[in-house]
*Asks:* 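Take a look at the following structure, please.
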Amino acid sequence: MKRTSPFSWMTPVTTGLIGGVVALFLCLVGIVEASLGRYVITGIVTMGQVFVLAVYAIFAMQAAQKAAPGQDEKPAPFRTLASGAISGLMISVVLAIFVLLGQQIDLRAVFIHATPVLYDLLTFGLGVPQGIFVLLGFGILMGVLFGAMALLPSALRRSLGAGLIAVPLVAVIYSSLFSGRGLSAFQALAVFVVVGLALFLWGRYQQPVRARANALPARQQRSMRLGLWVVAILFVLALPALGTYPSEVLVITGIFVLMGLGLNIVVGYAGLLDLGYVAFFAIGAYVMAILTSPEITWFPFSGNFWIALPFAVLAATLAGVILGIPVLNMRGDYLAIVTLGFGEIIRLVALSDWLKPLIGGSNGITQIPKPVVFGFSFDNPQKLYYIVVIGCVIAAFIATRLKYSRLGRNWMAIREDEDVAQAMGIDLVRNKLMAFATGAALSGLAGALFATKLTSIYPHSFNLLVSINVLAVIIVGGLGSIPGVIIGAVALVGLPELLREFAEYRLLVYGAVLVFMMLKRPEGLLPEARRKLELHELSPDVAE
Amino acid sequence: MPPLLNARDVTKRFGGLTAVNKLNVEIEENAIHSIIGPNGAGKTTFFNCVTGFYRHEEGTVLFKGEPLDGMQPDRITREGIGRTYQNIRLFQNMTVIENVMVGYQSHLHSGWIGAVFHTRGQRDEEKRAVEEARKMLAFVGLAGRGDWMSKNLPYGDQRRLEIGRALATKPDLLLLDEPAAGMNPSETVDLMEFIKRLRSELGITVLLIEHHMQVVMSISDKVTVMDFGEKIAEGTPQEVQNNPMVIEAYLGKGATEYGTVGSH
Amino acid sequence: MLKNLRRRVSGTTIAMWIIGFILLVVVIVGVVRTLMIGKYTGADWTDLFVYGISQGSVYALIALGYTMVYGILRMINFAHGDIFMAGAFFGYFTAIVFEKNGFFDSPTVDGKLVLALVVVTLVAAAGAAGLAILLERIAYRPLRRAPRLVPLITAIGASFFLEYSFLGLFGSGIKGFPEIDALKGRVSIFGVEILKTQVVVIVASFVMLIALWLFVQRSKMGKAIQAVSEDKDAAALMGINVDRSIMITFLVGGALAGAAGVLYALLFRQVYFFMGFFPGLKAFTAAVLGGIGNIAGAMVGGLFLGIAESLFPNLVLDGLGIPAPYQLKDALAFLLLVLVLIFRPTGILGERLATKKA
Amino acid sequence: MKKSQYFVIAVLMIAAFVLAACPAATPAPTTSSGDTAATSGDTTTSSASGDTATSCECTDPKGCVTVGANDPVRVGWMMVVSGADATLGLDSKFGAEIAADDRGTIAGHAIELTGEDDLCSAEGGQTAAQKMSADNKLTAVIGTSCSSAARAAIPVMCGAGIPMISASNTAPDLTADDRPADYWCYMRTAHNDKVQGAAMAEYAYGAGFRKAATVHDGSLYADQLQQVFADKFKELGGEIVAQEAVGPQDTDMKPMLTRVAAAGPDFFYLPIFVAAGGQVVKQAKEVPGMENVQLAGADGIFTADFLRAAGDAAMGMNHSSPDFSLFGEGYPALLEKYKAKEPAAPLSAFHAHAYDAFNIIANGIEAVAQKCDDGSLVIGKQALRDAMISTKDYSGITGTLTCTATGDCADPKIAVYEVMDTNPDNWNPGANADSNPKKIWP
């Protein structure tokens with residue numbers, strides 16, 4: 001965070017200009033206007049305003065921090081505050097220029113969100129001359145305000161910042177999960193205080209608490225750990241109590257965890273970049289559908305979920321082997337594009353008029369039954385959740401066992417250096433095929449669950465995006481790490497589902513988050529222990 | 001007794017360049033055999049032909065009387081040929097013991113089922129593998145380092161580990177590509193002793209590429225000299241040292257090129 | 001003898017060849033049967049071929065960006081298709097200005113039209129190149145030394161970001177690229193009737209490809225790029241500015257994609273936010289097909305893919321009695337890719353990458 | 001540092017859950033849900049007409065939605081607003097928004113529109129439905145955009161008793177007589193493919209065409225429409241010489257068209273969307289053998305935007321569409337407001353269907369809502385659905401709407417138009433007898 005280069009007054013100006021461009025982008029892309037109706041604090045602050053405020057906050061603080069002297073130097077409050085003010089002003093200047101330009105020419109011919117509503121927002125509803133001055137003044141004010149945060153001691157600053165971030169986040173999750181609206185002013189304040197205080201206390205007492213825990217006798221430590229495990233398991237089992245929609249999100253997340261665990265074996269362990277992972281997912285789903293749907297009349301057999309499940313997994317595994325043989329001799333990115341191709345081939349063939357008489361083409365296969373055990377039907381997401389959890393546990397178990405076996409070591413060796421691995425007597429194709437088939441099996445399992453969850457499947461559900469999502473899940477989570485897969489799925493599948501508020505902008509945010517995450521934490525959220533080591537040594541500049 | 005390895009007229013070309021030209025080498029069982037020659041003489045290329053990474057266009061390589069030509073490298077390793085690399089190629093992000101266990105893997109048989117269900121056979125096998133690997137680490141002088149990340153080892157130990165990993169494949173013939181490169185004099189002396197122990201204690205035949213003349217001349221039974229892909233001399237160290245063609249090929253070169261790392 | 005053979009050739013290799021052989025037989029049976037039915041005239045086949053070339057030349061232009069970036073960074077720049085889309089947008093906004101001022105009205109090709117098209121292309125190329133450089137600077141440069149998959153995910157993220165930014169900024173509707181009267185209809189070349197727009201696209205593509213070829217082979221900067229592709233560290237030691245070389249690579253790749261965007265818009269006259277995704281994917285396929293990292297390979301791969309898509313569904317699937325074969329043209333394209341890679345593992349022309357083996 | 005980040009996330013999640021767990025803390029006291037009321041709802045006081053009711057107990061078998069005195073009436077949309085099909089969903093969404101603006105209030109309460117993305121897929125529809133069905137203040141939903149999403153969403157919404165009315169689902173099975181029982185709450189203002197496809201076949205046969213070809217883009221909409229057309233056309237005595245398919249993102253249609261040309265049709269039906277449809281029409285003029293084949297599309301491309309995509313090649317083309325001459329007087333005004341939201345012209349007629357769908361909901365609410373003394377509204381779920389599905393002779397934007405017992409509400413009058421002018425600015429169907437495109441059938 002410390003900057004050794006001498007301070008320059010140009011720094012806040014450029015920081016502010018960049019901030020201005022970002023603010024302008026948010027306005028023009030429509031996200032500000034679209035979330036004007038979304039209250040963070042009911043009747044007071046909307047999400048749209050929060051977006052603009054956030055830009056001021058982030059860039060003013062950055063500018064102020066850059067101006068703040070190092071720890072050993074004399075504090076320079078004026079310089080810090082002035083930097084904040086300048087950057088805030090610059091953001092306003094950019095927005096003001098935009099508004100003035102908008103008065104002269106019709107920007108809507110190009111930018112569809114350059115609407116009067118937006119101009120109104122930016123001029124505080126005061127119209128052009130007055131509004132512009134207010135906007136500029138507002139910028140300076142915000143700049144000074146957030147610049148002042150740089151003057152606070154770091155622990156306090158962090159708590160304050162966390163509290164401020166927490167309010168909109170909690171508001172969004174809250175309103176999304178429980179279909180409420182924004183928080184009340186009182187709730188917002190409560191969230192702010194609780195989060196800020198909690199973080200502050202954690203920062204203060206983290207060390208002593210931990211030290212005390214470590215000082216406990218080994219036995220007590222063990223029972224403490226056991227207790228934590230029990231709590232965690234109970235927590236996982238209790239989650240569906242949140243309601244059907246959260247359970248629905250959990251089921252989707254679980255299906256991605258399952259796929260992630262499988263793909264992790266292929267990409268994370270064996271280092272084979274597979275971009276067509278959805279193919280096996282599709283095969284699992286289609287086999288499940290064909291074997292259980294009463295709609296399919298050409299197939300002489302129509303069973304229940306449990307009978308069909310092993311066949312779905314088997315079919316996917318078999319497909320993994322058959323598809324694997326021709327492609328596994330290929331190296332690196334050839335493998336990537338060929339597997340991508342396979343994924344598309346499966347989807348297109350399933351969609352085709354050619355197989356339409358058998359598997360429905362664009363009409364898909366409907367009426368897939370839900371799993372039933374002794375008359376108990378898993379007919380809603382709250383119940384289905386448990387089946388998915390069992391699937392994930394089995395998958396995680398298999399993945400862990402394989403990782404610490406001869407096979408796992410061979411895969412790791414192949415990932416590290418294919419040539420040398422071969423020179424150690426490892427049959428590359430055979431070992432890769434094992435990874436591919438295991439991954440395919442888990443994907444097939446996920447597909448079967450997906451089919452029964454949806455009760456109807458369509459080729460469109462098995463597009464490239466699914467493969468990309470799963471890959472992103474395991475990489476954002478931390479390649480090769482099993483807890484990472486879970487965190488990754490929660491972060492990239494679960495949370496976006498919760499943040500449906502942003503509807504049109506979901507993929508925009510998703511993309512931005514992917515880029516941001518990779519830049520800030522290239523090793524993933526919860527990396528495999530050894531990978532973390534490796535990366536930080538390799539490039540100290542990306543480490544925090 | 002027929003030679004353990006018998007290379008006949010091996011020729012390897014890269015485009016217009018003939019890297020190895022009609023090379024004939026016979027390696028007797030239990031011998032320490034060195035190949036020397038200036039950089040680019042085709043020594044490592046020859047290694048790659050023997051181990052199956054390159055396919056030679058002409059000639060044949062017989063191992064224990066059977067041809068190896070066209071076999072996949074992993075197959076050749078299982079036939080009993082181990083190797084190390086000129087620029088150390090460890091599995092950097094695996095632990096020391098894991099590296100050795102990968103070398104040992106072709107002597108293990110448990111598969112997917114065993115791994116997932118931890119069958120009795122698999123557990124016994126893993127135990128055996130760890131024991132074997134420990135023994136091997138002790139043999140190469142890395143006892144107690146098993147849990148180090150292999151890239152964190154000092155340079156000399158990385159060389160040892162690489163040899164240990166190759167030994168774990170239980171080869172009859174070990175190909176060492178410049179094992180003394182980058183070592184200081186005392187490490188070099190240790191290495192020479194170590195290579196002799198390979199033969200005396202494990203009964204392994206060693207084929208060595210080396211620039212370090214002291215090593216070559218003091219431990220080799222037989223030396224083959226290559227230049228521009230061809231064999232220009234062969235014989236005992238003394239014979240080779242006195243061969244005028246060898247002197248011509250080496251004069252003014254040998255010492256300066258010592259330690260430079262060439263690649264293909 | 002048999003024992004030897006078994007030791008030499010692994011079971012999987014044999015299985016691979018068998019799969020390849022079966023696919024090949026299916027393809028050949030399809031072709032023979034289609035030709036025996038004789039539903040299509042020679043002129044039909046020629047037409048299909050020409051359609052393929054024009055589509056393929058656009059693929060080739062996009063593929064070049066992929067292949068150059070891959071060659072220098074070993075990274076699949078997933079966002080490249082969206083750079084192409086951005087180029088089409090920039091071109092579109094410039095083109096409507098010209099259209100309003102009557103540059104496209106003349107019934108024959110005149111100076112005004114040529115000027116307008118050149119300006120449109122240049123604006124699109126410059127805009128796309130700028131975006132590509134920005135992308136490289138913000139999203140890729142900090143990740144140069146990260147593991148291989150990290151930049152891939154970044155690129156995918158950037159791709160989403162660009163697509164949905166354009167959706168937000170410019171709306172979801174399909175923008176109709178102005179129609180140019182002078183380029184309507186067909187012209188006869190060597191006795192083959194070809195659409196005028198196709199002629200423009202094919203000629204422009206080839207001119208750009210040759211210019212790129214000369215740039216890479218002859219210019220100092222091009223040679224520097226080649227050196228960086230071979231070995232970044234060594235190139236840096238030789239005094240080559242690696243960052244600059246990579247930037248120029250993105251600039252050139254982006255400019256070509258931008259130009260391709262205009263040509264595509266000229267050919268198909270539709271500009272919208274999602275237009276880059278599939279052509280991007282196809283172009284990447286083309287790059288691999290031709291041999292990744294290989295500039296000539298990208299051209300050959302692009303043309304091959306274009307022709308395959310246009311010709312093969314009719315030629316292969318029709319004879320096999322598969323209905324609506326053009327629905328499966330992408331599947332067929334990927335199947336061909338697999339076939340080519342089985343028999344030629346490094347693409348049609350072979351890859352041009354510095355292999356860092358022992 | 002890292003640890004603290006996880007800590008923050010954990011605290012945030014917990015905070016959200018805590019807030020959720022104690023809804024009593026929320027100031028709005030109007031969270032009473034119909035479900036609980038319904039089980040204990042054995043009170044006898046119920047009034048047939050809501051307007052004069054003073055008692056506000058819920059007697060509806062499916063439960064009720066209660067709207068607080070100062071709260072708006074919440075109406076949902078479930079449409080695809082991201083991905084390649086975003087244009088389809090956004091078009092309907094704008095229609096619903098304009099309808100809400102025009103209406104201003106429902107039963108004296110303000111209107112709140114909330115929405116979810118159905119992603120035009122089964123999984124998207126199911127998730128959206130799970131989410132919206134958990135909203136106990138939601139009265140009804142306009143959606144989904146795509147029939148595949150509908151099939152997954154309908155059982156969930158019906159399970160929660162929230163009526164659904166779609167502006168763009170066209171798959172026949174959704175409103176078929178033998179539709180599953182758990183589709184009871186579903187209806188639509190879009191045209192059943194059966195109506196539209198058959199109408200086009202009748203027109204084509206009547207106009208003397210005997211050899212028809214079709215193409216679809218792999219979407220449920222196009223596939224079913226062309227199949228209905230083909231079946232009907234054959235039934236009438238015509239011949240289907242080719243049934244082709246393309247991808248929705250395909251651009252080079254000439255190879256496919258070459259194939260069609262070789263089959264020698266005199267009529268080519270392409271019920272696909274603007275992007276692919278524009279390409280097909282434009283390129284048909286460039287493929288030998290296709291120049292003189294009569295082209296015909298469906299309502300998916302019956303827009304000015306299509307003229308932009310297809311250019312002059314659209315001249316003389318036929319379209320099946322809801323009969324614009326029957327469109328309400330409000331349509332030009334609707335178009336004006338639409339342009340304020342999205343400067344480009346509408347992509348299809350679905351915004352008009354959405355407009356009507358919204359009004360059917362609003363009318364239904366106004367008919368059944370009980371006004372309480374404290375100013376709040378109680379809306380019975382079953383009652384609302386019944387009120388909506390018994391819509392009769394409602395003169396909406398897209399004609400005179402009457403719902404069938406299985407929820408088909410669209411005015412079944414389909415017209416066929418011919419494009420007389422390819423300037424998008426002159427696109428003005430139904431303005432008068434000669435406006436472009438011109439109505440030629442019936």
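A, B, ... follow the sequence lines: proteins, then strands. Residue 1 opens every chain. In this text, all values refer to a predicted model and were calculated from it rather than measured experimentally.
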*Asks:* Output yes when D:Arg179 and D:Asp173 qualify as a salt bridge under the 4.0 Å nitrogen-oxygen rule, no when they do not.
*Replies:* no
*Asks:* Anything under 30° is parallel, anything over 60° is perpendicular, the rest tilted; go ahead and classify A:Phe462 against A:Phe281.
*Replies:* perpendicular
*Asks:* Check whether the side chains of D:Tyr183 and D:Arg151 place a donor and an acceptor atom closer than 3.5 Å, and report yes or no.
*Replies:*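 Short answer, no.
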*Asks:* Chain A: which of D:Ser148, D:Ser121, D:Ser147 shares the most heavy-atom pairs with it under 4.5 Å?
*Replies:* D:Ser148
*Asks:* Side chain of D:Asp117, backbone of D:Val81: donor and acceptor closer than 3.5 Å?
*Replies:*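 Answer holds: yes.
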*Asks:* If the threshold is 4.0 Å, N to carboxylate O, is there a salt bridge linking D:Lys131 and A:Glu248?
*Replies:*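 Looking at D:Lys131 and A:Glu248, the cut-off is not met.
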*Asks:* Which atoms of A:Thr366 come close to chain D, meaning under 4.5 Å heavy atom to heavy atom: side chain ones, backbone ones, both, or neither?
*Replies:* side chain
*Asks:* At a heavy-atom separation under 4.5 Å, does A:Leu351 approach chain D through its side chain, its backbone, both, or neither?
*Replies:* side chain
*Asks:* Inspect the contact between D:Asp135 and D:Arg74 and indicate whether a charged nitrogen and a carboxylate oxygen are less than 4.0 angstrom apart.
*Replies:*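 Here D:Arg74 pairs with D:Asp135 in a salt bridge, since their nearest N and O are under 4.0 Å apart.
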*Asks:* Hey, is D:Glu123 close enough to A:Lys453 for a salt bridge, meaning N to O under 4.0 Å?
*Replies:* no
*Asks:* Please look at A:Asn363 and chain D and tell me whether the side chain, the backbone, both or neither of the residue comes under 4.5 angstrom of a heavy atom of that chain.
*Replies:* both
*Asks:* Between D:Ser219 and chain A, which part of the residue has a heavy atom less than 4.5 Å away: side chain, backbone, both or neither?
*Replies:* backbone
*Asks:* With a 4.5 angstrom heavy-atom cut-off, which part of A:Phe186 approaches chain D: side chain, backbone, both or neither?
*Replies:* neither
*Asks:* As an exercise: rank A:Pro116, A:Gly243, A:Pro381, A:Gly361 by heavy-atom pairs under 4.5 Å with chain D and give me the winner.
*Replies:* A:Pro381
*Asks:* Could you tell me which portion of D:Leu90 (side chain, backbone, both or neither) has an atom closer than 4.5 angstrom to a non-hydrogen atom of chain A?
*Replies:*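 The side chain, not the backbone.
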*Asks:* Need one label for A:Ile252: side chain, backbone, both or neither, based on atoms under 4.5 Å from any heavy atom in chain D.
*Replies:* side chain
